[in-house]
Amino acid sequence: MDDEEYARELFEILTRAPDPDVAPWQLGDDFIDRNDGFGTDLRVTAIDVVPGAYGSQLDVAFVLDVPYLGDAPATGSLLLPLDREWRGVCGYEMPEDYAPIVAMRLMRSIHKHVEPRRDGPRPRRDLPPRDVQWDLLLERLNREGEAEEVAPGRIVVRPSSGRTDLTVILTPEQWEQVLDRHGIPQTGTFDFYDELLGSTCRDQRFLVFWEGELVASTREQLPPTTPPTTPLRGDPPTARGGEGDRRHVRVVRLPPRRHKGRAPRVGVEPTSLVLIQSQAGPAGRPTGECPAKPRARLGRGCRDPADQPGNERQA
């Protein structure tokens, strides 16, 4: 499937009306989460294939219908990777595999579209000189093992736990951007760097700089990639599926529970995401004792904090 055909099918999926028989807190056959406003607060209006520095890209145009726009325009667009090799590495061979991720990235881009125009530019942090900044990076990486700068902009971390070496590909200029966004690494608190280094999967042995962020990847080439998971499509499971037949899962977002005489707590999200497996475990072993499996493609299993790469284009 060439890029143009892929984009056309992706557009059809993202603009398709939801199944009226599916409750708002459930996911339909396309596994797109519409409970957060996708398709209502944000609607896709066009998708174009455009060239980029690292292969073809999707230029996804959208329109917003939200009350807090302020001076921000109601229209915008988001650039996302489309390169054929990148799609293959991530497991997005078919448009329906990529569609839930595109929808999620669009919803997460709203604040980047609105906040700078509503609140003004964020002031830069007061950071130390770059040589001190670089020492801070090495000091933080040394908490994970032995960090050695083997070449300019390339640091290899040999974990004391015996895990595969972690390679960090980053220039001093890029590290300064990361520090300006997330602040100086701290001790005794769980910060961005703790989350990033603690959530990398076994196959994500690279940290690379992408769109202003430090993200985990399975390769050093850009765009960054995540380990592929089994697509959530295909035939339903058979009634006689064996112990290993546990590929088919369904994600259900439960409706809020209502308690008589108790007011809802302000600022608390009333819904929760529950992963329900469509088949019970083998006889004699409750499903609660099954080994951990990757979450649905929507969750992407071992997601890095930056999720999927993307770059908002100003309208």
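Note: hydrogens, waters and symmetry copies are ignored here, and every other heavy atom, side chains too, is used.
- Both Ile13 and Phe38 belong to a common hydrophobic cluster when Ile, Leu, Val, Met, Phe, Trp and Tyr are linked at side-chain heavy-atom distances under 4.5 angstrom.
- Put simply, the side chain of Arg34 never gets that close to the backbone of Gly39: no donor and acceptor are under 3.5 Å apart.
- Looking only at side-chain heavy atoms (C-beta outward), Ile32 and Leu14 come within less than 4.5 Å of each other.
- Every residue two or more places apart in sequence or in another chain that forms a salt bridge (charged side-chain N to carboxylate O under 4.0 Å, His left out) with Arg140 is listed here: Glu144, Asp194.
- A side-chain contact (heavy atoms from CB on, under 4.5 Å) with Leu222 is found for one member of Ile169, Asp83, Val208 and no other, namely Val208.
- Contact annotation: the side chain of Gln204 approaches that of Thr226 to within less than 4.5 Å [non-hydrogen atoms, C-beta and beyond].
- In this structure, Leu207 and Leu166 have side chains that are in contact, with non-hydrogen atoms separated by less than 4.5 Å.
- Side-chain contact check for Thr171 versus Pro152: every heavy-atom pair is 4.5 Å or farther apart.
- The backbone N or O of Leu138 lies less than 3.5 Å from a partner atom in the side chain of Asn142, making a donor-acceptor pair.
- Residues Tyr193 and Val178 are in side-chain contact: their nearest non-hydrogen atoms beyond the backbone lie under 4.5 Å apart.
- Within the model, atoms CD of Glu173 and CD of Gln133 stand 9.5 Å from one another, a figure rounded to the nearest 0.5 Å.
- Separation of atoms CD1 (Ile155) and CD (Glu148) is listed at 10.5 Å; rounding is to 0.5 Å.
- Residues Val102 and Ile47 form no side-chain contact, since every pair of their non-hydrogen atoms from C-beta on lies 4.5 Å or further apart.
- Residues Arg8 and Met1 fail the side-chain proximity criterion, which asks for heavy atoms closer than 4.5 Å.
- Between Asp3 and Arg87 there is a salt bridge, since at least one side-chain N of the basic residue sits less than 4.0 Å from a carboxylate O of the acidic one.
- Atom CD of Glu4 has more than 12 neighbouring heavy atoms from other residues, nucleotides or ligands inside a 6.0 Å radius.
- A salt bridge does not link Lys112 with Glu211: none of the charged nitrogens is closer than 4.0 Å to a carboxylate oxygen.
- Trp134 and Leu196 fall within the same hydrophobic cluster, where Ile, Leu, Val, Met, Phe, Trp and Tyr residues are linked whenever their side-chain heavy atoms come under 4.5 Å apart, directly or through other members.
- Val215 and Pro224 make their closest contact through CG2-CG, 3.7 Å (heavy atoms, listed as atom of the first residue, atom of the second, distance).
- Checked against salt bridge (charged side-chain N to carboxylate O under 4.0 Å, His left out), Glu220 has the following partners two or more places apart in sequence or in another chain: Arg154.
- Of the inter-residue distances, the one linking Leu137 atom CG with Glu139 atom CD reads 10.0 Å to the nearest 0.5 angstrom.
- Classified by interplanar angle (parallel below 30°, tilted 30° to 60°, perpendicular above 60°), the ring pair His182/Phe192 is parallel.
- Under a hydrophobic clustering in which Ile, Leu, Val, Met, Phe, Trp and Tyr are joined whenever their side-chain heavy atoms come within less than 4.5 Å, directly or via other members, Leu80 and Met107 fall into the same cluster.
- Residues Met94 and Val60 are members of one and the same hydrophobic cluster, defined by side-chain heavy-atom contacts under 4.5 angstrom among Ile, Leu, Val, Met, Phe, Trp and Tyr.
- When side chains are defined from C-beta on, Trp175 does not count as touching Phe209, because their heavy atoms never get closer than 4.5 Å.
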